[in-house]
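If you're wondering where the values come from, they're calculated on a predicted model, not measured in any experiment. Values below: every heavy atom of this structure, side chains too, minus hydrogens, waters and symmetry copies.
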Amino acid sequence: ATTATSRPLLVEGLQRVRGELRTAGGAACDSLAKEQPLSVCGHEAKPPQKRSLAREDLFCEMLTWQLEELGDGDPGEFKRNGCTYSAKH
């Protein structure tokens with residue numbers, strides 16, 4: 001096991017583990033965002049983003065999970081970030 005010694009290394013490590021889980025999940029996970037390119041936090045992006053993750057696809061996936069699993073979703077936030085919103089949940 002490797003220990004992250006900084007926030008950027010933690011962010012990278014989380015994405016790498018997520019990528020391994022996506023790969024291990026096979027076809028059932030094909031619709032999820034790919035591991036690469038690794039993302040930085042939104043405020044660290046060039047140009048800076050107002051969302052928490054620079055990569056739109058990862059951020060949209062997180063918003064969708066939040067909507068589906070927690071029933072918490074703001075249609076305006078989806079729209080502002082280029083994400084598809086489905087009120088069916």
*Side-chain (S39) to main-chain (R55) donor-acceptor, under 3.5 angstrom*: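 Confirmed, S39 side chain pairs with R55 backbone.
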
*Linked hydrophobic residues, L10 as query - side chain contacts closer than 4.5 Å*: L14

*Under a single-linkage rule joining Ile, Leu, Val, Met, Phe, Trp and Tyr whose side-chain heavy atoms are separated by less than 4.5 Å, which residues share a cluster with W65?*
L70

Of all heavy-atom pairs between [X] and [Y], which one has the smallest distance, and what is that distance?
X   : Y   : answer
A54 : A45 : CB-CB, 3.6 Å
R22 : L32 : NE-O, 3.0 Å
P48 : H43 : CB-O, 3.9 Å

*Measure the spacing between CG of L67 and CE of M62 and express it to the nearest 0.5 Å.*
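Rounded to the nearest 0.5 Å, the CG-CE separation comes out at 11.5 Å.
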
*When you check the gap from the basic side-chain N to the acidic O, do E61 and R18 get nearer than 4.0 Å?*
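R18 and E61: salt-bridged.
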
_Side-chain touch C41/V11, heavy atoms, less than 4.5 angstrom_ =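 Heavy-atom side-chain distance check passes, below 4.5 Å.
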
_Side chain to side chain, C60 and L63, heavy atoms closer than 4.5 Å_ = no

*Decide yes or no on side-chain contact (heavy atoms from CB on, under 4.5 Å) for L58 and Q15, but give the supporting numbers first.*
CA-CA 10 Å; L58 283 176; Q15 290 177 80; 3.7 Å; yes

*asked:* Just to verify, what does F78 make a ring-ring contact (aromatic ring centres under 6.0 Å, His included) with, not counting sequence neighbours?
replied: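 In terms of ring-ring contact (aromatic ring centres under 6.0 Å, His included), with neighbours along the sequence ignored, F78 is linked to Y85.
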
*Scan residues 23-37 for pairs that pass salt bridge (charged side-chain N to carboxylate O under 4.0 Å, His left out), counting only residues two or more places apart or in two chains.*
R16-E35

_List the residues meeting side-chain contact (heavy atoms from CB on, under 4.5 Å) with N81, not counting sequence neighbours, and say none if there are none._
R51, F59, E77, C83

*For D72, check side chain to side chain donor-acceptor pair (under 3.5 Å) against everything at least two apart and list the hits.*
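Partners of D72 by the side chain to side chain donor-acceptor pair (under 3.5 Å) criterion, ordered by chain and then number, come out as Q66.
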
